[in-house]
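Here the structure is laid out as structure tokens; the discussion comes afterwards.
Below, all heavy atoms of this structure are taken into account, side chains as well, without hydrogens, waters or symmetry copies. Everything quoted here is computed from the prediction, not taken from an experiment. Within every chain, numbering begins at 1; the chains are lettered A, B, ... in the order of the sequence lines, protein sequences first and strands thereafter.
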Amino acid sequence: MNPSLHIGHSRIRKEGRAKVTGAAQYTDDVCMSGMLYGATVRSRVARGILKGIEFGEGIPWDEFIIVTAKDVTGDLYVALIEQDQPFLALDRINHPEEPVVLLAHEDRYLLEKARAAVRLIIEPLPPLFDLEESLACREVIWGSDNSFKDILIEQGDVDSVWGAATHIVQGEYKTGAQEQLYIEPNGAIAVAKAEEGVTVWGSLQCPYYVHKALKHLFNLPDEKVRVIQMETGGGFGGKEDYPSLIAGHAALLSLKSGGRPVKIVYDREEDMVATTKRHPSRTRIRSAFDAEGQLLALDIDFALDGGAYLTLTPVVLSRGAIHAGGPYRCPNTRIRARAVATNTPPHGAFRGFGAPQSLFAIERHMNVAAAEMGMDPIALRKQNLLKMGDSTATGQIIKEAIDLPGLLDRALEKLDYTAKQESCRVHNASSSPIKRGVGFASFMHGCGFTGAGESYLASVAGVEGREDGKIHVLAAATEMGQGANTILSQVVAEVLKVPLEYVEVARPDTALVPDSGPTVASRTTMVVGKLVQEAAIGLRQILLQAGFLSEPYAGEAFSNAVKQYLAKNGHLKAYSQYSTPPQIVWDDQNYKGDAYTTFAWACYATEVAVDTRTFEVQVEDFVALQEVGRVLNPTLAEGQIEGGVAQGIGYGLSEQVVWNEGRMANGQMTNYIMATSMDLPRIRVYFEESPYPLGPGGAKGIGELPMDGSAPALLNAIQDALATVTPREIPLTPERLMELVESSNG
Amino acid sequence: MKGQAPSCTVHTPASLVGALEILFAEKGTWRPLAGGTDLMVPFAAGTLPFTRFLNLWGLDELRGIEISPENISLGALTTYADVRSHSLLRAEFPNLVQSARVTGAMAIQNRGTLAGNIANGSPAADTPPSLLAYGAEVQLQSLAGSRWVPYESFHTDYKQTVMLPEELITRIRLPRTTGDTFHFFRKVGTRKAQAISKVCLAAYARAEEGRVAEFRLGMGSVAPVPLRALTTEMLIQGQRLEALDDHSIAEAKQALLEDIRPIDDIRSTASYRRKVSANVLGQLLEAMIERFKRPQIRA
Amino acid sequence: MAEKMKLSLNVNGQARTLDVWPMARLLDVIREDLHLTGTKEGCGEGECGACSVILDGKLVNSCLIPAVQAEGGELCTIEGVASEEQLHLVQESFLHCGGAQCGICTPGMVMAAVDLLHRCPQPDEAQIRDGLAGNLCRCTGYVKIVDSVADAAERALQVAKESRS
């Protein structure tokens, strides 16, 4: 029996009807009168100096709006963490997809002809594509030493341990770039006029990031820039920072055209090749264990390839570094984390944000270590999993009553791990070319911004009473499929004790909603949800105090109270601003303290079948068990996990970005391999609910977690199936697996 | 919008003769267009070097599956979906049905045609290995008349065929399979659907009087053209069934490496293609040996 | 420059005539000339299925069909699936089972599901997965989409039973 009105119930997605009928309006569905189409001419050279731009023959150039860096009157560089990435290259070319010239025309066919007719004269400079070469400064391509960020996390005294350790296990692990591959490509429409300012409609995750970037680009005050999110067809981090560039490009063209609307929508290849991907990584782990398998020391060197500009790399590195030790207790830990530049398009946010890279390494390493020590990987983990009162690598004391060994047991039980492992052994002893194996990974994901991020943001969200008696949620949190609209509505409707239809989420529009922060970092439900919950309590309080409402009440009485209040007072709004819980302390200088207000915890277990003739891996079964606080909407939460696991399976097995001179060579959906419905098993999702006191309705963050554990669980299962190979790099494509098998055969 | 539709002309002939007339009159300037599933991809990417298209989709003369005691003859515009659902093809040419099933997915299978699949000459197409295994012949027609070309000599080099500019593919003919037969098809693609082959292999064999009387092995994605693995075929064809053993399989796998010339590309590597071709051939031969242990003669 | 053609076709039950480039992609004709923007472009190469429509009773990728080949055709887009007020069973099931997340693949996915249930009214899970194999979804891992289609098939059976009794 669920005593809640909405919390914990699978309510139908608020915008679902518009989506299943095709009525939902995405950016490319909008057509404005007098609209021009915009296109971007890119460098195609990885590194060099721009010497000239030639406009080829046969194109009526006088009909075109043409913009180059010289047209920019404000700040040429995108305002994010560092201002190093230009909207348009001025003279230096730092990656092969650097935007150089913008074109606009009303005829989309002619526009493409024109784009192909622009020739850039670029004097090449020696490029750098390799992470290790960048770390070694073979060429200096950014700053004084290519370094975007260098982090050191230290606990105890790592170097004192090696002599006394019974086992020392070392390993190096690598992860590749990964494309977000939302099915709706990036796009924006802009109207920019010298007097009135700039308005942008776009497919984006973070309206206020775009707002900030446009303010700097055009040197405008807050109120002259307006950013409106259109229905967004998936983001996964890929629409976190890049939309600022597209919005800026469309606005520059619009301004030069005298204020005509300009639409830029990328085609699939441009989106895949030019926009951000997950950072490739390399992790070296040296670990010490005592005779019983107790972890004594972890010395981790974690490195990310950031691409050509800094963008969000320092924060990706930060999350990766903090997660690098995994969910384990280790008295002596040193994590050195570095991110460096290469001449590829900048890498950026992708669900998990650094954690999938470092957790892959540690979760593979635990199995590698177990094998080297002759221990069962389950027993090894159980000895070392964090429990209440333990501290993480940053010295964060776990204050929740977590039971990670129990979580592990229950995940294995759901998979029927022990019985399956035994039947795999029997099967593998036969002559069958199919080898079977089981594997798992234990992991966690920090909810909300890292460290002091949330207190810097100081997000604000609110609720507003409307004349029809309904309540609108005012937040910059964007719906991009994850269910933000529905969850925020459920939280508010729960507080107000009204039917869900009484609550709507206002379209994120910087002119109308406060800055509740970016829609990233698994923070929307937990952080923004909490703010709208508090705001809703405030709004109810206003109505109660004003005498329009008395408890208990029914939904209709509430809606009448709203109408009466508005009739008398004109407006009814309540806001809430984030403040860091007093017990949360973070030292950003020394990377010490409470890196996150809480973590979501999980154990994923899987069974695979490996065809030793073709080296194809079939995921036969997949169990995803997690503790994410209270589940607010089971259908939406399961959907998040299922989708995240699917992306994690792709990350582990098939989603390979093929690089050629710093450029993605397989920028087509045909050649970059995400799973179809035929490739995936029925992913089985289970929640262990343990309400988190600081989350709305007891919820923690959930969005990124499922990205973290799938790949290591799969590789652990593949190692179990084949026994003779020790895979350490993803994606583990059939080609890579074949090489491993061949080399292990001698 | 990279595909420049405004620069393109389309002619839709009312009849096959009409189509052949225009091909003859303006040789080499018209690009035949059938279901569009291959052609529209480079067109939309702006990389197709043609602006004049001959729209064949409406020519019902090029449709229909005809059955005679000796042959089954498929109209050029037979779609993968037509192949999938045809009961005689399922019974006698399961490899072809399988290759149609694994081409793209339903929406592609509803439009993609057999003739289009071979005319484009992609070495990674999925039906060619099956057509090679079944000893298909292709009818090429021009105003001057028609000729039947063995499909195994249809492709001459990467995306090159024996077709003359004034010719169209009108039908594809397969000799009926009878007797104690064995069929094997395996596509090793980048995924289970919507995939391009990394290695594709189709075989047809017939046993008679204790011997492998017929053995044809068609392969895709392992050379500039879809090819028959003739060296390998020669090792198996004519062999006594009881003489086929692990040693003959090993020999055949070795011989296959002589037949194929795979390359590295964005989808796979030459070494993977070699290894997997040989392994799947092993699988095929094991299955064939097993299958021929007990004769199964279809009435 | 070539010439535009008069394209006559039936769109969701209505006869339409349009001036279009014969090699314009049917997808562009649907979105830009017919202003039916429920049909989406996800890849432009027949890989993702977001542009799926039913042409002459068959599921097709509208990005791979030149306008000229739709001449005289009968076209059903996502806008033609639901009647005025009443959603199609498949659409209802997508709503209730969580089959739509970001929604960009949803119109194509619904078209593929409608086509599948037309050909195969009571599919098992393998048949559903095969029927949807040409429609890529990045959000769901397909679990709830498969469930939605199974649910629609089940409810169609119920409806049929009720109408018989």
Identify which of [options] forms the greatest number of heavy-atom pairs closer than 4.5 Å to chain B.
options: A:Glu112, A:Arg108, A:Arg613; value: A:Arg613
options: A:Leu110, A:Thr614, A:Thr670; value: A:Thr614
options: A:Glu269, A:Arg115, A:Met678, A:Gln668; value: A:Met678
options: A:Thr612, A:Asp267, A:Asp679; value: A:Asp679
options: A:Leu111, A:Ile673, A:Asn666, A:Asp611; value: A:Ile673

[X] versus chain B, the contacting section by heavy-atom distance below 4.5 Å:
X: A:Met674; value: both
X: A:Thr733; value: neither
X: A:Glu739; value: neither
X: A:Pro734; value: both
X: A:Tyr672; value: backbone
X: A:Asn660; value: neither
X: A:Gln656; value: neither

For this session: Taking B:Gln4 for its side chain and A:Tyr109 for its backbone only, find out whether a donor-acceptor pair lies under 3.5 Å.
Result: yes
Please look at [X] and chain A and tell me whether the side chain, the backbone, both or neither of the residue comes under 4.5 angstrom of a heavy atom of that chain.
X: B:Ser277; answer: neither
X: B:Ile266; answer: both
X: B:Ala5; answer: both

Might you confirm whether atom [atom1] of [X] has over 12 heavy atoms from other residues, nucleotides or ligands at distances under 6.0 Å?
X: A:Lys113; atom1: NZ; value: no
X: B:Asp246; atom1: CG; value: no
X: B:Glu242; atom1: CD; value: yes
X: B:Phe50; atom1: CZ; value: yes

Problem set entry | SB check A:Glu616 B:Arg186 (cutoff 4.0 Å) | yes
For this session: Assess the side chains of B:Ser268 and A:Glu735: does a donor N or O sit below 3.5 Å from an acceptor N or O?
Result: yes
For this session: I would like to know whether A:Phe615 and B:Lys275 meet side chain to side chain contact (heavy atoms under 4.5 Å, CB included); could you show each step before the answer?
Result: CA-CA 10 Å; A:Phe615 311 95; B:Lys275 180 82 186 174; 4.0 Å; yes
Problem set entry | Distance (rounded to the nearest 0.5 Å) between B:Lys192 NZ and A:Leu680 CG |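 Answer for the NZ-CG pair, B:Lys192 versus A:Leu680, is 9.5 Å.
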For this session: Test A:Glu742 against B:Ser271 for side chain to side chain contact (heavy atoms under 4.5 Å, CB included), laying out the working first.
Result: CA-CA 11 Å; A:Glu742 305 248 283; B:Ser271 58; over 6 Å; no
